[in-house]
Asker: 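This structure is in structure tokens; I'll ask about it shortly.
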Amino acid sequence: MATDNPVESLREEATCPICLEYFKDPVIIDCGHNFCRACITQCWEGSDTAVSCPQCRETVQQGNLRPNRQLANVVEIAKWLSLQAAKGAGEERVCGEHQETLKLFCEEDQTSVCLVCHLSRAHRDHRVVPIEEAAQEYKVKLQGSLGPLRKELEEALALTSKEEKKTTEWQRKVKNKREMIAGEFNKLHTLLREEEQLLLQSLEQEERETLQRLQENITKLSQQSSSLQQLITEIEEKCQQPVVELLKDVKSTLSRSENVKLQEQEAVSTDLKNVYKISLDMNEVLKRFIVDETLDPDTAHPNLVLSEDRKCVRDGDKRQDLPNNPERFDTYTEVLGAEGFAGGRRYWVVEVGDKTGWALGICRESVSRKGPVTYTPGNGFWVVWLCDGEYCACTYPWTPLPMSVRPSRVGIFLDYEAGEVSFYNVTDRSHLFTFTDTFSGTLRPYFYPGGNAGGKNAAPLIICPVPAQAGGNLCP
């Protein structure tokens, strides 16, 4: 804080903002602020990542400490001038009543007194100590209070940053969910326009309410940060005042600093509620595109057992003696649908029941049948699967699919010209995921019933029969 006394101003410039003493071996960091080498090193001790300036909070390089020799010279000059000023400062520290030097400090009355005051009736029975000793004692206490306050401020700033990140992440989730809803309804806008508007309004209301609660947390934290910063500044200024002023109301200042506690903020969940699903039966909408799909035994891994009607497939957990023809998968227990598609719209439903592992979707007819394969669109697979209790879309990287209701039936809808493969939870009529790509060549339905797992996953995948009067319009 600037003062009218040039010596005091110079002393302030020569004081380390951490220890509040004259700089010792001053160094300058990237942001331009100066500190004692030992102080800033201790402040950053234990940090192996980017660190911040204790004054401006700017992120700086930890090892970039440059000696400030000019400041070291200024410190020596400030010390000399302060010493000279102290020699003539006796008249400024005199008792207004007795015109004696204020050499003592009364602990009971919290005031500076002279020797005559000490012997007077007013202070005779009080505990008094040398004024310099008292100043040093309270200075230590004040400096000690700065640590917890700075920690509280750091916590408040960290919480603010966390809430801001949650806000950004929440908005990203809302954006992704909005795009999914809009995309799904664009395909079915004629029948579902009213439902789309209701869902978007519900999503917007949840977004608005959650953002409001998050912003309230940020506002409260900002207010607490401001109060903490104000108290820290007050204490820092008090520590640099002359002893008489420093000791004035010092207990009150200490009491306020000790009573500062960061208020706990309301926990705001940023998990979307599982209510954003199409409430109409997608089978009713898509059944005009349904196909009577069967399995192709020539592509089936030797461990797979197909039913006579080629509608069911399971892992028999035993390799059968089958010809190793080029079409057959030989590494994973996979099989393709018998009918391939090179255009139009197609829909089929697969019963997965309570199986603990499976994968469904489409793939290019040209995918490799021999050796291990990574199931991504780049390798010609557009697949959703269940593994280790987790549902995901096999994108790169994989996209987790949270489920509010475990699907017992999964619908797959291919819109070849639109470049979309959509998956539906037929059990609760919700949309699971949509791949968007550009298709060429023939595509085949893909089935993976999962490993037998000692009988725990032995149930088959079942292609559901085509309902009566379904099908018809298979063109875009």
Side-chain angles (χ1 to χ4, degrees), residues 1-5 8-23 28-36 39-40 42-44 47 51-60 105 110-112 134-167 212-266 268:
M1 181 178 79
T3 66
D4 295 332
N5 188 330
E8 285 295 318
S9 297
L10 181 60
R11 189 186 69 81
E12 180 178 348
E13 293 298 319
T15 299
C16 172
I18 295 179
C19 66
L20 303 180
E21 300 289 349
Y22 283 115
F23 284 108
I28 186 170
I29 62 177
D30 291 341
C31 63
H33 288 111
N34 297 280
F35 306 90
C36 298
C39 290
I40 194 65
Q42 184 179 8
C43 181
W44 290 344
S47 297
V51 293
S52 60
C53 171
Q55 276 193 281
C56 66
R57 315 305 297 180
E58 180 178 335
T59 301
V60 297
F105 182 74
Q110 289 287 295
T111 185
S112 301
Q136 184 60 32
E137 178 183 347
Y138 281 107
K139 187 174 185 179
V140 169
K141 290 182 179 180
L142 289 169
Q143 290 174 342
S145 71
L146 287 174
L149 288 172
R150 288 195 179 105
K151 185 176 181 181
E152 291 288 323
L153 174 59
E154 184 176 349
E155 183 179 350
L157 294 173
L159 288 172
T160 301
S161 176
K162 184 177 179 180
E163 292 296 301
E164 289 172 345
K165 288 180 180 178
K166 286 174 67 176
T167 300
Q212 180 180 351
R213 294 167 65 193
L214 287 168
Q215 190 58 51
E216 288 174 355
N217 278 358
I218 293 173
T219 300
K220 291 177 182 177
L221 286 167
S222 297
Q223 291 172 348
Q224 293 183 62
S225 297
S226 177
S227 298
L228 286 167
Q229 186 62 65
Q230 182 178 356
L231 183 53
I232 288 171
T233 301
E234 179 183 339
I235 292 177
E236 288 176 340
E237 292 174 354
K238 194 167 190 63
C239 287
Q240 297 178 26
Q241 291 176 347
V243 292
V244 175
E245 286 77 4
L246 181 146
L247 294 169
K248 185 176 181 181
D249 296 329
V250 69
K251 276 200 170 180
S252 173
T253 304
L254 280 172
S255 175
R256 285 188 291 129
S257 70
E258 292 167 354
N259 291 329
V260 171
K261 292 296 179 184
L262 193 63
Q263 295 181 2
E264 184 176 349
Q265 303 303 308
E266 176 191 3
V268 180

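Here the structure is a predicted model, which means the values were calculated and not measured.
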Asker: For residues 224-231, dump all side-chain donor-acceptor pairs below 3.5 Å to protein atoms at least two apart in sequence or in another chain.
Answerer:
| unit_1 | atom_1 | unit_2 | atom_2 | d |
| --- | --- | --- | --- | --- |
| Gln224 | OE1 | Gln263 | N | 2.8 |
| Ser225 | OG | Leu221 | O | 2.8 |
| Ser227 | OG | Gln223 | O | 3.2 |

Asker: Just jot down the side-chain contact (heavy atoms from CB on, under 4.5 Å) partners of Gln110, sequence neighbours excluded, or say none.
Answerer: Phe105, Glu107, Tyr138, Val250, Lys251
Asker: Applying salt bridge (charged side-chain N to carboxylate O under 4.0 Å, His left out), can you list everything that pairs with Lys220, at least two apart in sequence or on another chain?
Answerer: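 Per chain and number, Lys220 pairs via salt bridge (charged side-chain N to carboxylate O under 4.0 Å, His left out) with no residue.
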Asker: Begin from the C-alpha positions of Cys36 and Ile18 and carry the test side chain to side chain contact (heavy atoms under 4.5 Å, CB included) through to its verdict.
Answerer: CA-CA 8 Å; Cys36 298; Ile18 295 179; over 6 Å; no
Asker: How many angstroms lie between CG in Leu146 and CD in Gln143, if you round to the nearest 0.5 Å?
Answerer: 7.0 Å
Asker: For residues 150-157, which side-chain N or O atoms pair as donor and acceptor with protein atoms under 3.5 Å away, sequence neighbours left out?
Answerer:
| unit_1 | atom_1 | unit_2 | atom_2 | d |
| --- | --- | --- | --- | --- |
| Arg150 | NH2 | Pro17 | O | 3.4 |
| Arg150 | NH2 | Glu236 | OE2 | 3.2 |
| Glu152 | OE1 | Leu262 | N | 3.2 |

Asker: Examine distances only and state if a side-chain atom of Trp44 and a backbone atom of Cys39 form a donor-acceptor pair shorter than 3.5 Å.
Answerer: no
Asker: Rounded to the nearest 0.5 Å, what separates atom OG in Ser222 from atom CG in Leu159?
Answerer: 11.0 Å
Asker: Could you measure the distance from the CG atom of Leu246 to the OG1 atom of Thr253? Nearest 0.5 Å is fine.
Answerer: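 Those atoms lie 9.0 Å apart.
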Asker: Return the set of residues passing side-chain hydrogen bond (donor to acceptor under 3.5 Å, both in side chains) with Arg57 (not counting sequence neighbours), or none when no residue passes.
Answerer: none
Asker: Which pair of non-hydrogen atoms, one from Leu247 and one from Ala135, has the smallest distance, and what is that distance?
Answerer: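 Looking at all heavy atoms of both residues, the closest pair is CD2-CA, 4.2 Å.
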Asker: Which value, rounded to the nearest 0.5 Å, describes the distance between Leu149 atom CG and Ser257 atom OG?
Answerer: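 One gets 5.5 Å once the value is rounded to the nearest 0.5 Å.
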Asker: With sequence neighbours excluded, tell me which residues meet salt bridge (charged side-chain N to carboxylate O under 4.0 Å, His left out) with Lys238.
Answerer: none
Asker: Quick check: closest heavy atoms across Lys139 and Leu20, and the distance to 0.1 Å?
Answerer: NZ-O, 3.8 Å
Asker: Going by side-chain contact (heavy atoms from CB on, under 4.5 Å), name the residues that satisfy it together with Glu216, two or more places apart in sequence or in a different chain.
Answerer: Gln212
Asker: Do you know which two heavy atoms are closest between Gln55 and Phe35, and how far apart they sit?
Answerer: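 The answer is OE1-CZ, 4.0 Å.
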Asker: Taking salt bridge (Lys or Arg N to Asp or Glu O under 4.0 Å) as the cut-off, I'd like each qualifying pair that reaches into residues 241-250, sequence neighbours left out, listed once.
Answerer: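 Residue pairs with at least one partner in residues 241-250: there are none.
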Asker: Identify, with sequence neighbours excluded, every residue that meets salt bridge (charged side-chain N to carboxylate O under 4.0 Å, His left out) alongside Lys141.
Answerer: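 Checked Lys141 against salt bridge (charged side-chain N to carboxylate O under 4.0 Å, His left out); matches are Glu137.
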Asker: What's the separation between atom CD in Gln240 and atom OG1 in Thr15, rounded to the nearest 0.5 Å?
Answerer: 5.5 Å
Asker: My understanding is that only residues two or more places apart in sequence, or in another chain, count here; which of them pass side-chain contact (heavy atoms from CB on, under 4.5 Å) with Glu58?
Answerer: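 Partners of Glu58 by the side-chain contact (heavy atoms from CB on, under 4.5 Å) criterion, ordered by chain and then number, come out as Cys31, Cys56.
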Asker: Which atom names give the shortest non-hydrogen contact between Cys53 and Val60, and what distance separates them?
Answerer: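 That would be N-CG2, 4.4 Å.
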Asker: Among residues at least two apart in sequence or on other chains, which ones pass side-chain hydrogen bond (donor to acceptor under 3.5 Å, both in side chains) with Glu234?
Answerer: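 Here the qualifying residues are Arg256.
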Asker: Supply the atom-to-atom distance Ile40 CD1 to Cys19 SG, rounded to the nearest 0.5 angstrom.
Answerer: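 Here the rounded value is 11.0 Å.
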Asker: Among residues at least two apart in sequence or on other chains, which ones pass side-chain contact (heavy atoms from CB on, under 4.5 Å) with Lys165?
Answerer: Ser161
